[in-house]
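What follows is one structure encoded as structure tokens, with my remarks underneath.
These numbers come from a predicted model, not from an experiment. Numbers restart at 1 for each chain; the letters A, B, ... are given by sequence-line order, proteins then strands. What's counted below: heavy atoms across the whole structure, side chains too, no hydrogens, waters or symmetry copies.
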Amino acid sequence: MTTTGTPLTTTTTAARTVGLVKEYGSGPHAVRALDGIDVSFGTGEFTAIMGPSGSGKSTLMHLLAGLDTATSGHVLLGGTDLSRMSDRELAVLRRTRVGFVFQAFNLLPMLTARQNITLPLKLAGRRLDHAWLDLVTTTLGLDERLEHRPSELSGGQQQRVAMARALMTRPDVLFADEPTGALDSRTSAEMLAFLRRSVREFGQTVVMVTHDPGAAAAADRVVLLRDGRLAGELRDPSREDVLEAMGGLGATA
Amino acid sequence: MTGLTLATLRTQARRYVGPGLAVLLGVAFVATTLTLSATLTASVRTAASGDLGAWAAVVSAAEGDGPETLPESALERVGDLPEVGDVSAERSGVLVHDAVSDVFLVTTAPADERQLPVESGRMPASTGEVAVSTDVATSLGLGVGDRFSTPRGGATVVGVVDTSEDPRATGLGTVVATADEVTALTGVEGWTELRADAADGVPDAAAVEAVRTALGSEATVRTGAEAADAAVQQMTGGRDVLTGFLLAFAAVALLVSAIVIANTFSVLLARRARETALLRAVGATRAQVLRSALLEAVVLGLGASLVGVGVGALAARGLAAASSASGLGIPLTTFTVPLSAVVVPTLVGVVVTMAAALVPVVRSARISPMAALRPDAAVTARSRAGRVRIGLGLLGVLGGGAILAAGATAGVLPLGVLGGAVSFVGVLLAGSVLVPAVARLVGSMPARAAGIPGEMALENTVRHPARAASTASALLVGVTLIVMMSVGAATGQRSVTGSLDDRFSVDVAVVATSGDLGPGVVRQMDDIDGVVASADLPGVRTDVGDVTDQQVVGIPSSAADVVRGDGLGGLAPGVLLAARESADAAGLTDGARTTLSVGGHDVPLTVRVSDDAPVSFAVTTEDLRTLAPDAGTRTVLLRLAPDADASGAVAQAKAVVAGTGAAVSGGAPMRAQLEEVVDTLLQVVTALLAVSVVIAVVGIGTSLSLSVIERTRELALVRALGLTRRQLRGMLAGEAVLLAVVATVVGSVLGTVYGLAGPMSLFGGSVPVVLDVPWDRLGLVALAAVVCGLAASVLPARRASRIAPAAALADD
Ligand SMILES: Nc1ncnc2c1ncn2[C@@H]1O[C@H](COP(=O)(O)OP(=O)(O)O)[C@@H](O)[C@H]1O
Ligand SMILES: [Mg+2]
């Protein structure tokens, strides 16, 4: 079941969507947030999702991570079809096979950094791999801060704790929804560097939603969304490529 | 600001359901009590005064040192007055029937015979005849044609009457007889009461005046209405005690409601702290904020109280109907909801709500406008007021504990009560330290066993010490009182029965009232569970001293194993052992000489009066055989094992002699009666305290619901991280059960201490107190607490499991 540690140059698919549609509400007031998305994310690849506000980026991420269920179409994680899973199975999937970092409020305030990081393992009833914990926390520069509670940590540190937690279960895919959105530019650059390192050093598949062209430029690939549909993609883009593509989306929006 | 208050109430209506329900239940309790009390008064008037109010004049003997009855001639003197029409005379007295140690009312039949319907047979028509009430018939095993025998002689039972409609009969078995027979049975002469109607065309007042003049100072003459009032007054003395008793429990329920309200308001207002700060920032004055929040409390209190009054009236109506249907006590037929039963509970509800909300409201009004601008840093630092509270609480626990200990060892009840109250308030004040500590103590092991949801439940509980404390306190009140009552009753009962055993020289005495106890009866008595020794006493009926037809029994040597202590001390050949009351009635004194004779056999005896004698009159078996060679067994004495079930043994003994007229007495029936009274009282008290437990459970549910709303993002996050719905529900159930268990553990410890200290303070060394913890009841309380906790978590858990995992990502 585990796909971590596979070579970077693999062509296998970590996650894929087929004709994915998500509607909020029903009847005349229904909002079609995703309108038939077919996209795949390669194992060990760092993908950025971009698009104007309201284009469906977060919705796509929720469906990929098993946080919400599709109206129609399929989400495939490895070989499993999420659209057929019960609430319980999805919960189990979330704690074993995916990891997330949200824009804000990632941590439980009453738990220490260490407890937050190991929470998904505890939920899954899995043994803690101490070597892995040491490696991840050292890499993220958290080893001194493990016994602190979130209120005693800076915003950047909190996001790194969230990332460490997401990496702890060696998930198939790590999802991040605007992980740098609430951070200043220096901290945000650090955060991106850590994301890249996790892709390089741990072979982690990462899918990240972002508004920041600089952040997107750090990715291997950029997927563009508009009005719930795919609107093109870029490979190994530069900051300028991203800006130009975004401009194109805005012009035609 | 009023608009804002109402808008808040409307949008947050669901959050007020819990505190509203708490007020509602407390107010309903008060309303039920007041309504029932009014209904009881009205019904008592009907029951107590009967047709008294319909008579023009009611005459009784003048109060004071004179004779207690009117002279025989009064009837004629009143009847002959031209202003007076019908006259009815009553002669009644009290008869102590020593065979069953019961007191009977012996009276003439009332003028209106409908008050005393005849169930079988007929009313007595001449001397030597009586009719008995159904309860007398049952307790003595009498039927029509049987002989009703008493120390003063006997009469033939010619009828059985139903006294449930007779106001005079409350609580006493009734024997109806002609006036002469009343005198024969009770020694009462003259008239107890005369009732007179005015003659045709004569105003009542003129008749009253005429009777007054005719009888002069020897009589008290009242109008019928005055007499009816007096009768009600006499009977409602007990009713006021009952109302007070019920209101005390209503007060407990209201106290618990107040804790729940205070808790809810502090959570709600804390949650709104930023809004409040914003209001202050845009220019609202402190007074405006205060008024707005208080208005919220008033609206809530008023609304809930009005509904509570309605619920209370309905409950009272249901209880009145149920009590009438059960045929116990006075039928509550005159249902009345007085204005006071509407106004008083409503006011009480509003005032309690406002008072409970005051502290959180004042605290919220103190919020600085700056708080709106600060990032939402955790404001968990303990305030100085909090530390003072905890300090006071610890002081209360220690000081109250010391006072309690002093009261218990010295046997001073007021000191014990004071110490108990002070220490309990101390525990409530120090709750924010105590509750989390106990939660860790009792919670860690099961929490770890229950895995992550368990651990999180424990963490969540301990994280808000103040809230956990006040939520648990609400339940603590009820549990402590219930456990205190249970332990106190068991301990008191055990201690008293211990001393009862010492005081009564026999456990069970079965005494025939007519004829012999057959050999079958004697044999069956030996087989009763718990009987370790028995003695069969032959006996005869004969005249003793001044009284006729007394039972005299012969005591065999085997009785030494049955009779405890000095009961048979002084009995020897040639001695007549007499119980003190019986000796007095017979006019015999210690050392007097008397002769008993039966069928031509005479036995001269020396009287020995004893305080501990198990029977009225006793001689040795040898002397009895001389007196009556063929005497059959008249009395069986039984000794029970120390741990025997006294109630069970008494019930079995009664079953064996049922219908034979034999009476069962001694220490065991006394003990059984005590047990029954205590058990009934305990059940009533527990039922009354259950109301406050229900309110506390509503409080736990409310607190949990609010914390679910507060923690929406947190709960969504753990769901996103893979906590299943079931685990989430388990976590919330764990939080509720943990609080319930903490309240139960602390309440049981406190209740046991108070339950031991209570009897100690009460008896003050006159009775050695033996602690008796009724584990089964305590277990039941603990089980109920866990079930209540689970029940309280159902709604909050359902709400929590509806939170979408994706909600954690929502911006706010
Ligand atoms: N829970 C929801 N209920 C209703 N509509 C929603 C919900 N979440 C998102 N939407 C709508 O779906 C569309 C896509 O939203 P989202 O995926 O959050 O966009 P993005 O993250 O790209 O800004 C928007 O029009 C948004 O208003
Ligand atoms: Mg978004």
Side-chain angles (χ1 to χ4, degrees), chain A residues 22 24 57-59 61-63 65-69 86-112 115-126 149-152 155 162 165-166 168-169 171 175-178 181-182 209, chain B residues 374-381 436 439-440 447-465 467-468 707 710-731 735 798 800-812:
Chain A
K22 176 69 183 177
Y24 289 108
K57 305 182 294 290
S58 295
T59 305
M61 181 133 302
H62 296 171
L63 294 184
L67 286 166
D68 208 345
T69 47
S86 70
D87 184 81
R88 204 196 114 76
E89 288 169 324
L90 284 176
V92 172
L93 175 119
R94 288 197 295 269
R95 70 193 183 200
T96 50
R97 294 184 51 197
V98 297
F100 344 62
V101 180
F102 308 131
Q103 180 173 353
F105 199 80
N106 273 295
L107 307 178
L108 291 175
M110 69 284 202
L111 302 183
T112 62
Q115 287 169 325
N116 265 293
I117 292 170
T118 55
L119 185 63
L121 286 178
K122 279 199 171 176
L123 286 172
R126 289 197 349 212
R149 287 183 202 273
S151 56
E152 299 156 347
R165 180 190 61 206
M168 225 41 239
T169 55
F175 296 100
D177 193 352
E178 305 192 36
V209 168
Chain B
R374 261 183 245 137
D376 61 349
V379 200
T380 47
R440 281 214 186 281
R448 208 159 311 138
I452 209 76
E455 283 182 44
M456 286 176 60
L458 180 56
E459 281 309 313
N460 287 329
T461 305
V462 178
R463 182 153 55 128
H464 295 293
R467 188 188 304 178
S707 88
E710 236 173 28
R711 288 187 283 161
T712 300
R713 298 187 74 188
E714 213 174 291
L715 297 175
L717 180 63
V718 288
R719 287 275 289 132
L721 292 177
L723 195 79
T724 63
R725 277 211 176 103
R726 260 180 79 133
Q727 286 177 310
L728 182 67
R729 278 198 289 265
M731 178 179 103
E735 286 178 36
R798 188 185 300 168
S801 66
R802 273 199 230 112
I803 296 172
L809 298 86
D811 291 325
D812 222 328

Checklist entry - Is there side-chain contact between B:Arg719 and A:Asp87, with heavy atoms separated by less than 4.5 Å? => result yes
Next on the checklist: Would you say that B:Glu459 contacts A:Leu108 through its side chain, given a criterion of any heavy-atom pair below 4.5 Å between the two side chains?
Outcome noted: no
Item to check | Top of B:Val718, B:Leu721, B:Leu723 for chain A proximity - count of heavy-atom pairs under 4.5 angstrom | outcome: B:Leu721
Next on the checklist: Which heavy atom of A:Phe102 sits nearest to which heavy atom of B:Ala720, and what is that distance?
Outcome noted: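 Shortest heavy-atom contact: CZ-CB, 4.2 Å.
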Checklist entry - Residues in side-chain hydrogen bond (donor to acceptor under 3.5 Å, both in side chains) with B:Ser707, at least two apart? => result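 For B:Ser707, the residues satisfying side-chain hydrogen bond (donor to acceptor under 3.5 Å, both in side chains) (neighbours in sequence not counted) are B:Arg711.
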Item to check | Approximate separation, where rounding is to 0.5 Å, of A:Asn116 CG and B:Leu717 CG | outcome: 7.5 Å
Next on the checklist: Just to verify, what does B:Arg726 make a side chain to side chain contact (heavy atoms under 4.5 Å, CB included) with, not counting sequence neighbours?
Outcome noted: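 Expected list: B:Thr724, B:Arg729.
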